[in-house]
There are 2 protein chains.
Amino acid sequence: MTKEEILIIDDEPQIRKLLEINLESNGYKVTQASDASMGIKLAASHPPDLILLDIGLPDMNGLDALKELRTWYNHSIIILSVIDNEESIVFALDNGASDYVTKPFRVNELLARIRSCLHRNKSIEHNTILIFDNIQVDLIARAVKNNDELIKLTTTEYKLLVLFAQNEGRVLTHQYILKEIWGVGYQNDTQYLRVFVGTLRKKIERNPNKPKHIITESGVGYRFN
Amino acid sequence: MTKEEILIIDDEPQIRKLLEINLESNGYKVTQASDASMGIKLAASHPPDLILLDIGLPDMNGLDALKELRTWYNHSIIILSVIDNEESIVFALDNGASDYVTKPFRVNELLARIRSCLHRNKSIEHNTILIFDNIQVDLIARAVKNNDELIKLTTTEYKLLVLFAQNEGRVLTHQYILKEIWGVGYQNDTQYLRVFVGTLRKKIERNPNKPKHIITESGVGYRFN
DNA sequence: TGATTCTTTATAATATCTTTATTTAATAGA
DNA sequence: TCTATTAAATAAAGATATTATAAAGAATCA
């Protein structure tokens, strides 16, 4: 099971340290940014599973950062703030914040809220095992079987397969896939996608030359069946 | 749009009244229960879109009620509690509570948290499918079916079909179609259109020689039925 | 370091679009 | 109704764009 990644955007080093220690000891992978623009860049180049966003940032109002992130970032964003102000809370929640926690926060409560958010994202697809003909994807175990035989996928191949599997029957554009897997800024690197679709097909298709699962929609993207 | 239903499970009449007034004035339909067993029964017989669950109930610990509800209830449950105790919060969140709000609560904040929870549930997308006899056009999935069988269309064919489908019964002139699909400057390339109408007909018409969907209006353009 | 994975480049294979030629159908005028 | 004329449909070849595959170089991780 790969570690879930959490991005901390906060300007106070001691808060970041506190969070880092607690999150890492709970099995999360942590990345950090000390201001909004750096945080947004990090999130864009490598989308984390959850973002902890401080409101009092030096370069930008955290609520504006929230709005900007929400134009493309779909996972959870928890707001951390010293401001225990109803207006601010309502604004944040109405603009896509997954939760709003006031500082000083209780560490175990925050961890529970993080678990809750991450759980939510995961349980969008209720089924933990997705089955498509000869292919089984076990989201919990992060295991993929082809005709009951466990097959080995790299992280990128796995992410790609899960993205496909959760969007069965739907055409996903190159741009969308690239954004989801590689992050914003990679939308034009279509060749990455071709290479990885190629390797994935070799591993999951009965006949990779005549793919039945990953169908190319020329000029648009791919469709998973 | 039907009203979203919220079930309040709380033993304090004045809290229920306060919530009822505020929720109803915000367009929600409200049902109420004064103890856990009644609340669970109500939820079971007529599942609401969200449950507000008090922890201090006369007949049962609210956290046990939460666990019982979660064995089958999949929508949001927000815990209301006078207990601002970390242990209790962690327990609730880890057992499927969508949020935990301490009493006395700020009404607007609670409303925002309710909106947030309901929004989450809703974001399971509903596809809009246009149906014309044997043809189904799913705009979200970018999928076209002929007699329930997925058919493969090129980008141009698909664009053309969507343009037709969105203008059912209306005569579209050659010029208009060419401008919409190929852009300005192609208005005189009527032959393009003939070729693509031809291939589209082969794919969507029962009998391409006697088209029922794409009707030619000689000298003018085409009409889609 | 060695093995694995990711990124990049080059080239082959396909798919799609455009163009031309030819056949078929529709329309208007006598 | 017949004929001349114009418009539309179809087929197929040529041109272009897109995708697949292999393989080398770079980066990463244990």
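Predicted, not measured: the structure shown is a model, and the values here were computed from it. We name chains A, B, ... by the order of the sequence lines, and we start the count at 1 in each one. In what follows, every heavy atom counts, from backbone to side chain, and hydrogens, waters and symmetry copies are set aside.
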With a 3.5 Å cut-off and heavy atoms only, can you find an N or O donor on one side and an acceptor on the other between the side chain of Gln191(A) and the base of dT18(D)? no

Side-chain N or O of Tyr222(A) versus OP1/OP2 of dA20(D): is the shortest distance under 4.0 Å?
yes

Within the structure shown, what part of the strands sits under 4.0 Å from Val197(A) by heavy-atom distance: base, sugar-phosphate, or nothing? nothing

Quiz item: Would you say a side-chain N or O of Thr154(B) is under 4.0 Å from OP1 or OP2 of dC17(C)?
Solution: yes

Does a side-chain N or O from His174(B) land closer than 4.0 Å to OP1 or OP2 of dA8(D), or not? yes

Check your understanding: On the ring face of Tyr158(A), is Arg142(A) found with NZ or CZ under 6.0 Å from the centre and within 45° of the axis?
Key -> yes

Report task. Compare side-chain N and O positions of Arg201(A) against OP1 and OP2 of dA20(D) and report whether any pair is under 4.0 Å apart. Result -> yes

What contact category does Thr156(B) fall into here, base, sugar-phosphate, or nothing, at under 4.0 angstrom with non-hydrogen atoms? sugar-phosphate

Would you say Lys202(B) places a side-chain N or O within less than 4.0 Å of OP1 or OP2 belonging to dA11(D)?
yes

Taken to the nearest whole Å, CG/Asp189(A) to P/dA26(D) is 18 Å

Taking dT10(D), dA9(D), dA20(D) as options, the one with an atom nearest any side-chain atom of Asn209(B) is dT10(D)

All heavy atoms of Ile214(A) vs all of Arg201(A), minimum pair found to be O-NH2, 2.8 Å

Residues Pro48(B) and Tyr73(B): closest non-hydrogen pair is O-OH, 2.7 Å

TODO: Check whether any side-chain nitrogen or oxygen of Tyr192(B) sits under 4.0 Å from OP1 or OP2 of dC17(C), and answer yes or no.
DONE: no

The single option from Lys145(A), Arg206(A), Lys212(A) that satisfies salt bridge (Lys or Arg N to Asp or Glu O under 4.0 Å) with Asp133(A) is Arg206(A)

- prompt: Would one find a side-chain N or O of Thr155(A) under 4.0 angstrom from OP1 or OP2 of dC6(C)?
  reply: yes

